Structure formats: structure tokens, C-alpha cells
Amino acid sequence: MREARRGSDGEHLVQQRLGTTERADRFYEDQVLDHLNDRMREFVGRQEMFFLATADRHGECDSTFRAGPPGFLQVLDERTLAYPEYRGNGVMASVGNLSENPHLGILMIDFTGDRIGLHVNGRARVVMDDEMRARHPDLPTDPVPGRRAQLWVEVAVEETYIHCAKHIPHLQKVPRQASGSRAWGTDDAKRKGGDFFGAAAEAAARREERAGQEGEACREEGTRQEGGACCEGGVGSRSVAEPRSAASSPQGAAMRPDVASRPKADAWRELEPAVRQGVSQREPGRGAVPSPVPAPGPEPVPSLGSASSPETPPSLGPSPHPEPVLSAAPAPTPKPPREPREVRQVREQVEREVEQVLTRARLRAPAVAEGDGFRGWFG
């Protein structure tokens, strides 16, 4: 019985459709190994760079570049490689992917000598530097601070094969000059490449544009509020609401228009005398509303009820002018203070972001078999 063919099911399907199955089988048979032979180990030992491919548990991919002095990619044995993770931009994209999905692909290309390439595919685990050196005490210690390993990635080799020279350009190494030497470990943004592709400039322009739009919206909101203040940092029609006496309000009005943007305590003080008693009661399904601080009001008017009635409304506290009692109709309940614009915007933004996260989780969550969960970074 024939052994299972190398390669993925997708490879086999495309080979059948394009009629390349026989040619692919010859390549699998002649060139694909499950270890590093002597010539491969020698090739790996003199490389100064390689390209690395990883993917997270959802299959979303990342490719990157690794470089170091010859031998930085260590051959531990014919089935094991290890390479150091130096200090970088702090994103840790590759190591993060490997913590979720251990499969990786390494491509080494010699552009200057043999003009040939080598693929190594396998499974990786992340190892701390002290643990790695305890197991392999002969690992070199690089004197350059920016080239000292923080972590190591240990690769169990599963598949190795050649990358042919057909389209590999032949390059020539340029002697290092003092001004253009490699800046290992530098934090100088210019020496690291600066904003070569202009991404940071675009981000700054977007932030400035958003700030301008928010400021314009704030100014517009300020002009719509009668005597109100705009949101912090904005410019309204008036920056501070001017005081207004209760006598200037229409009788029976619950709250002045410019009270909504004031602190809660101040808003309660602005309630008109005719409705203070009603809003001090507990509303169904809500907590008790704090009793308002009484304010001087107009001279009392004769009660609509009997003057000798033994029942009197509960007092709201000592006041030089007793509040009039309206027994003909219940006092209207005032509308709650208007929610500040900036609070409303934050609440709506949070609701949108939560919905987006839940949607992405529903769409991307894979069916995880029992026992296949995340086991941690270190195997």
C-alpha cells in the first residue's frame, strides 16, 4: 500500500486540476526531507538572515525578517533549530502567533554566494534565555547589547526542501562604512528608518482632522444651547450660564433650559416652587430622589383648600417663606436633566465597540476540539 503523499490536500487538488501531480510527486520524492542533512546544516550555519512566516489560531498570517551574525540561527541537531528573539518594537507579533499556533515556516536565501534557498517548516515553542542556556551552555553570548536574546524560538523540524535559483537575484555585499554600519539595539528613530513610508504622518493628520471635526461639532452644539456652555475645550454661545431669578420663569415651568448642563445639585435648586414637593417623592422602580434645598420664593398665596384643615403637607425644611400648597391637581414631575453631550458620546462609542467585538468573536471563533486549547507559551 502506498504511503500517504506529502503536501496538503489543497496542494493535491490544485495539482490534479492543473495536471502537475506526476511532477509534484517527483519533487516530493527527490527533494523533500524530514530532517536537515549535512549540507543543509552547513548552509544554515552561515546565514545572516531569513524570512519567517507564522499565523494565529484563526489562520491570519504574518511574515517578517530576522537577521544576525553568521550562526545566529543555531543548528542544535538534524531535527532541531533555534533562533534568538532580540529587542524590537514591542509588538511581539511572531511570538504571539506561535503562542496560539506553533506552526511556522522559515525561508533562507543566499543572494551573494550560492544563490539558492532552503525551506524549513516545523513546530515551535518559546524558551526563556536562561532556560535555553542551561540546556545548551555552548550557545554564544553576543557582546552587542541590541543583539542579546530575550527569548529563543526552538523549532522541531518537520519538512525541509530546496528553493531553486531560477528567480533569485545575484546580489553583492557592500563593505560596511562607519556612517552606514548596522545600528544594533539603537532607539534612534532616524537610524531605524524613521517614518520612511509616511504612516506616522498620515496618523498625525487623521488625529488632527478628528480633533477639528470634534471641535466644530462642539461649537455647533454650543450655539444651539440657550445660554449653555459647550463641552470642555469648545466654544459655545456663552461660556458660563448667567444667573436667572425664579420670578423670571413662567409659572409652572419645571426647569430652566440652561440647567441641564449644570451639576446635579445646582439643577435641583433651580426647580420651580410649584413642583419641589412632587419630585422629592420616590419614583416607581427608581431610588429616592434627594430632597431639594429650598430657595426663597414669591410671597405665599391663599391655599385652595380650607384654612382650618388639620392635614398639612410635609415640610421641606425651614424656610422664611412657606411653599404654597396646590391641592387642586398633583404637581407635574419634571423631566430629568439632559445627559451631557460628551457623556452620551462616550456611552454610544462603548456600545458600538462592544457590539463589534461580539460580532467578530461570533464570526471568527473556531470549533475547538476538547484538549486543543491554549497551553501557554512554553510548551
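Since the structure is predicted, the reported quantities are computational estimates derived from the model, not experimental observations. All residue numbers refer to positions in the sequence shown, counting from 1.
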Near-ring test Tyr83/Phe50, centroid separation under 6.0 angstrom: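 Close enough - the centres of the two rings lie under 6.0 Å apart.
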
Hydrophobic cluster identity match, [X] and [Y], side-chain contacts under 4.5 Å:
{"X": "Val14", "Y": "Tyr28", "value": "no"}
{"X": "Met49", "Y": "Val153", "value": "no"}
{"X": "Tyr161", "Y": "Met40", "value": "yes"}
{"X": "Ile162", "Y": "Ile109", "value": "no"}

May I ask you to test the [X]-[Y] pair for a side-chain heavy-atom distance under 4.5 Å?
{"X": "Val75", "Y": "Val44", "answer": "yes"}
{"X": "Gln47", "Y": "Leu73", "answer": "no"}
{"X": "Glu131", "Y": "Asp129", "answer": "no"}
{"X": "His136", "Y": "Trp152", "answer": "no"}
{"X": "Val120", "Y": "Leu118", "answer": "yes"}
{"X": "His58", "Y": "Asn101", "answer": "no"}

For the atom pair CD (Glu29) and CD (Gln31), what is the distance rounded to the nearest 0.5 Å?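 If we round to the nearest 0.5 Å, Glu29:CD and Gln31:CD are 11.0 Å apart.
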
Distance check, rounded to the nearest 0.5 Å: Arg26 atom CZ versus Thr21 atom OG1?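 The distance works out to 11.0 Å.
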
Nearest heavy-atom pair of [X] and [Y]: which atoms, and what distance?
{"X": "Arg5", "Y": "Ala24", "result": "NH2-CB, 4.3 Å"}
{"X": "Asp110", "Y": "Asp114", "result": "OD2-N, 3.1 Å"}
{"X": "Glu154", "Y": "Leu76", "result": "OE2-CD1, 4.2 Å"}
{"X": "Phe43", "Y": "Ile116", "result": "CE1-CG2, 3.6 Å"}
{"X": "Asp34", "Y": "Arg79", "result": "O-NH1, 2.8 Å"}
{"X": "Ser94", "Y": "Asp62", "result": "OG-OD2, 3.9 Å"}

Under the side-chain contact (heavy atoms from CB on, under 4.5 Å) rule, what do Phe111 and Lys173 come out as? Steps first, then yes or no, please. CA-CA 9 Å; Phe111 292 97; Lys173 294 182 71 173; over 6 Å; no

The test is side-chain hydrogen bond (donor to acceptor under 3.5 Å, both in side chains); show your working for Asp77 and Thr80 and say whether it passes. CA-CA 5 Å; Asp77 57 54; Thr80 313; 3.0 Å; yes

Main-chain N/O of [Y] paired to [X] side chain as donor or acceptor, under 3.5 Å:
{"X": "Arg133", "Y": "Pro140", "result": "yes"}
{"X": "Arg41", "Y": "Leu36", "result": "yes"}
{"X": "Thr160", "Y": "His35", "result": "yes"}
{"X": "Glu100", "Y": "Arg57", "result": "yes"}
{"X": "His170", "Y": "Thr112", "result": "yes"}

Above 12 or not: heavy atoms from other molecules or residues under 6.0 Å from [atom1] of [X]?
{"X": "Glu351", "atom1": "CD", "answer": "yes"}
{"X": "Asp30", "atom1": "CG", "answer": "yes"}
{"X": "Arg23", "atom1": "CZ", "answer": "no"}
{"X": "Glu348", "atom1": "CD", "answer": "yes"}

Can you check salt bridge (charged side-chain N to carboxylate O under 4.0 Å, His left out) on Arg6 and Asp25, steps first, answer last? CA-CA 8 Å; Arg6 293 185 180 274; Asp25 280 341; over 6 Å; no

Hey, mind stepping through Glu202 and Arg207 against salt bridge (charged side-chain N to carboxylate O under 4.0 Å, His left out) and telling me if it holds? CA-CA 9 Å; Glu202 289 186 15; Arg207 287 193 294 269; over 6 Å; no

Could you give me the CA-CA distance, side-chain angles and deciding distance for Glu216 and Arg210, then say whether salt bridge (charged side-chain N to carboxylate O under 4.0 Å, His left out) is met? CA-CA 10 Å; Glu216 182 64 27; Arg210 285 197 298 268; over 6 Å; no

[Y]/[X] salt bridge by N-O under 4.0 Å criterion:
{"X": "Glu78", "Y": "Arg39", "result": "no"}
{"X": "Arg46", "Y": "Glu42", "result": "yes"}
{"X": "Glu85", "Y": "Arg66", "result": "yes"}

Test side-chain contact (heavy atoms from CB on, under 4.5 Å) on His103 and Leu98 and set out the steps. CA-CA 7 Å; His103 297 280; Leu98 293 174; over 6 Å; no

Just to verify, what does Gln349 make a side-chain hydrogen bond (donor to acceptor under 3.5 Å, both in side chains) with, not counting sequence neighbours?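 Gln349: side-chain hydrogen bond (donor to acceptor under 3.5 Å, both in side chains) contacts with Arg352, Glu353.
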
One pair to check against side-chain contact (heavy atoms from CB on, under 4.5 Å): Asn97 and Glu60. What are the steps and the verdict? CA-CA 9 Å; Asn97 284 348; Glu60 295 190 1; over 6 Å; no

Could you please spell out the steps behind the side-chain contact (heavy atoms from CB on, under 4.5 Å) verdict for His163 and Ile168? CA-CA 9 Å; His163 189 100; Ile168 296 177; 4.1 Å; yes

Apply ring pair (Phe, Tyr, Trp, His ring centres under 6.0 Å) to Phe51 and list each qualifying residue two or more places apart in sequence or on a separate chain.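 Phe51: ring pair (Phe, Tyr, Trp, His ring centres under 6.0 Å) contacts with Phe65.
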
